[in-house]
Amino acid sequence: MAETHLSWAAARAAASRAARPLEPTVRPLGDALGHLLAARLTALTDLPSFDTSAMDGWAVAGPGPWRLPKDGGGVLAGHGDAGPLADGEAVPIATGARVPPGATAVLRSEHGTVRMDEELYASRHLTQGQDIRPKGQECQAGDVLLPAGTLVTPAVVGLAAAAGYDQLRVVPRPRVEVLVLGDELLREGLPHDGLIRDALGPMLAPWLRALGAEVAQTRCLGDDETALRAALEASDADVVLTTGGTAAGPVDHVHPTLRRLGAELLVDGVAVRPGHPMLLARLASGRHLVGLPGNPLAAVAGLLTLAEPLLRALAGRPSARPVAARLTEPVAGHPTDTRLVPVVRRGDGTARPLSFHGPAMLRGLAAADALAVIPPGGTVRGGEALLLTFARHAEWYAERHDEWHEAAGGGAP
Ligand SMILES: Nc1nc2c(c(=O)[nH]1)N[C@H]1C(S)=C(S)[C@@H](COP(=O)(O)OP(=O)(O)OC[C@H]3O[C@@H](n4cnc5c(N)ncnc54)[C@H](O)[C@@H]3O)O[C@H]1N2
Ligand code: MOO
């Protein structure tokens, strides 16, 4: 049953309860980046997997001076082994090479002198095991290296490779399709004749990626009820995000279309400004739809209130640790609803509320790095406010920078 005008906190909680994590998949190491580990990462090998020289120099056995092999032979990394060393013997060795059995330390090249081609003298005292990385020092086969749910970063990929993995079991990133509604929207050029630029199509895809989603496509459907219905029926995305058309105006088709498709409204309106017409529905297919209001700041409020916790739930990511800041200015509250106000954070734990925060405006948002959550009644100067911080994953923005323009190639009103 639809829950109408939930409080802001209840709406977020409903969105995070709405879905279970997607089925894990196995991906080659390089393709696992940015996903979450579906299972804990256990070492498939000891690390190091053999006693390893940490320096270029000589492997030595017992106290010096040492005899070097007459043939001048030595051990290089990855090039086979030297025979065992007896007390008083030494052999040249390279960093990363396997230390021969019987060696008690590695003498660095800068700390040794060779006389008469075969006698090695140390200029420093050597301790037992010096500059040898013993097998299993970092981990032993079977050790748990990282818990399930860890984000696969470049360093995690490196660790997994070192520990013997070719592929990883991960929770896939949720796939999102963005449907931009509105006959008044232009995709290029200057506004004219009552038409305005679509600000949401270009903004949402990179923002969704920064929230950990994969954006299947962004389509502009105009105010066409039939096209909306067909798009919802055809979509195989985990989440469909619509923009505009959430209110009860003559061409606001989201509610009637959801009704016709037998969708279940999980959240139908939220006591939040801007963005109160936002909604969350479960389609007959079991997939989810987040309806964002058309006003741009209201749409971002919906993105961070409903889509962000839903995407987290689908990706199996735990909630982020709450971040708070003291406000440098008082912010008036709405009598009954939560307000979301763009702020810029400062290094001293404070945040400055920005102007140009009207529902239809983006100027404040573009200068902001968080939305402050202002409870009904407002927050005084110096008062603490919870922040919804904006994820900054520059590589995701950069990587797909041009994609929206390509994806938006057809279906324009
Ligand atoms: N009688 C009432 N009318 C409205 C109410 C209300 O409570 N009673 N609520 C207002 C609020 S608040 C909002 S928010 C909007 C939500 O409306 P929709 O989600 O149906 O959005 P639209 O009507 O399609 O558009 C609203 C506004 O935003 C502009 N827009 C839409 N899409 C984009 C886009 N992609 N890029 C830039 N701007 C966009 C659109 O032109 C409208 O100006 O309803 C109010 N009405
Ligand atoms: O959601 Mo509306 O902001 O309140 O424009």
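Ligands are counted one by one from 1 in listed order, and the atoms in each one are counted from 1 as well.
- The two atoms that bring Gly102 and Ala61 nearest to each other are O-CB, 3.4 Å, heavy atoms only.
- Less than 4.0 angstrom separates atom 30 (N) of ligand 1 from at least one non-hydrogen atom of the protein.
- Taking every non-hydrogen atom of Glu184 and a distance limit under 4.0 Å, the qualifying atoms of ligand 1 come out as 31 (C), 40 (C), 41 (O).
- Heavy atoms from other residues, nucleotides or ligands lying under 6.0 Å from CZ of Arg352 number 12 at most.
- Side-chain atoms of Gln130 come within 3.5 Å of backbone N or O of Thr127 as a donor-acceptor pair.
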Notebook entry, point to check: Is there a salt bridge (charged side-chain N to carboxylate O under 4.0 Å, His left out) between Arg326 and Glu384 once you walk through the steps?
Noted result: CA-CA 4 Å; Arg326 281 170 287 114; Glu384 280 245 315; 5.0 Å; no
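- We find the CG-CG distance between Leu151 and Leu33 to be 8.0 Å, quoted to the nearest 0.5 Å.
- To the nearest 0.5 angstrom, Leu36 atom CG is 6.5 Å from Arg317 atom CZ.
- Considering backbone and side-chain atoms alike, Ile196 places every N or O at 3.5 Å or more from each N or O of ligand 1.
- Counting protein heavy atoms under 4.0 angstrom from atom 4 (C) of ligand 1 gives zero.
- Remark: ligand 1 atoms within the under-4.0 Å shell around heavy atoms of His276 are 7 (O), 9 (N), 12 (S).
- Atom 13 (C) of ligand 1 has as its closest protein heavy atom Asn295 ND2, 3.8 Å.
- In terms of protein heavy-atom proximity, atom 5 (O) of ligand 2 is nearest to Asn295 ND2, 2.6 Å.
- Closer than 4.0 Å to atom 8 (N) of ligand 1 lies none of the heavy atoms of the protein.
- Looking from atom 19 (O) of ligand 1 to the surrounding protein, the closest heavy atom is Thr246 OG1, 2.5 Å.
- Within the 4.0 angstrom cut-off, atom 33 (C) of ligand 1 has one or more protein heavy-atom neighbours.
- A donor-acceptor contact closer than 3.5 angstrom links the side chains of Asp268 and His255.
- For atom 36 (N) of ligand 1, the closest heavy atom belonging to the protein is Ala199 N, 2.9 Å.
- Every atom of ligand 1 is numbered from 1 in the order shown, and the set under 4.0 Å from a heavy atom of Arg197 is 36 (N), 37 (C).
- Put simply, no part of Arg273 is less than 4.0 Å from ligand 1, judged by heavy atoms.
- Listed by atom number, the atoms of ligand 1 under 4.0 Å from Pro293 heavy atoms are 14 (S), 19 (O).
- Protein non-hydrogen atoms do not reach within 4.0 Å of atom 46 (N) of ligand 1.
- Remark: ligand 1 and Thr243 share no N or O pair separated by less than 3.5 Å (distance only, no angle test).
- Closest to atom 11 (C) of ligand 1 among all protein heavy atoms lies Pro277 CG, 4.2 Å.
- Among Leu145, Thr150, Leu29, the single residue meeting the side-chain contact (heavy atoms from CB on, under 4.5 Å) criterion with Val156 is Thr150.
- For ligand 1, the atoms lying closer than 4.0 Å to a non-hydrogen atom of Asp198 are 34 (C), 35 (N), 36 (N).
- Note on ring orientation: taking the six-membered ring where Trp is involved, the planes of Trp207 and Phe390 are perpendicular (angle over 60°, cut-offs 30° and 60°).
- Atom numbering of ligand 2 starts at 1 in the shown order; those under 4.0 Å from a heavy atom of Pro359 are 3 (O), 5 (O).
- Nearest heavy atoms, Thr45 versus Ala163: CG2-O, 3.6 Å.
- With a 4.0 Å heavy-atom cut-off, ligand 2 is reached by no atom of Met278.
- Taking each heavy atom of Arg173 and Asp238 in turn, the nearest pair found is O-OD2, 4.4 Å.
- Remark: side-chain polar atoms of Asp51 are paired, donor with acceptor, to backbone N or O of Lys135 under 3.5 angstrom.
- Put simply, CH2 on Trp8 and CE on Met278 are 9.5 Å apart, with the number rounded to the nearest 0.5 Å.
- The residue among Gly302, Gly291, Ala247, Ala301 with a heavy atom at the shortest distance from atom 44 (O) of ligand 1 is Ala247.
- Residue-environment remark: CD (Glu188) stays at or below the threshold of 12 foreign heavy atoms within 6.0 Å.
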Item checked: salt bridge (charged side-chain N to carboxylate O under 4.0 Å, His left out) between Arg312 and Glu308, worked out -> CA-CA 6 Å; Arg312 266 183 194 283; Glu308 192 269 348; 2.7 Å; yes
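- If you check each of Cys220, Gly294, Gly275 against atom 25 (O) of ligand 1, the one with the closest non-hydrogen atom is Gly294.
- Shown in contact with Asp252 at under 4.0 Å from a heavy atom are these atoms of ligand 1, numbered in order with element: 20 (O), 23 (O).
- For atom 1 (O) of ligand 2, the closest non-hydrogen atom on the protein side is Gly275 N, 2.5 Å.
- Residue contact check: Ala298 has heavy atoms under 4.0 Å from atoms 1 (O), 3 (O) of ligand 2.
- Taking every non-hydrogen atom of His276 and a distance limit under 4.0 Å, the qualifying atoms of ligand 2 come out as 1 (O), 4 (O).
- The closest donor-acceptor contact from the side chain of Ser16 to the backbone of Arg12 lies under 3.5 Å.
- Taking distance alone, with nitrogen or oxygen atoms compared against 3.5 Å, Gly245 approaches ligand 1 more closely than that limit.
- Residue Pro277 approaches ligand 2 through these ligand atoms, each under 4.0 Å from one of its heavy atoms: 1 (O).
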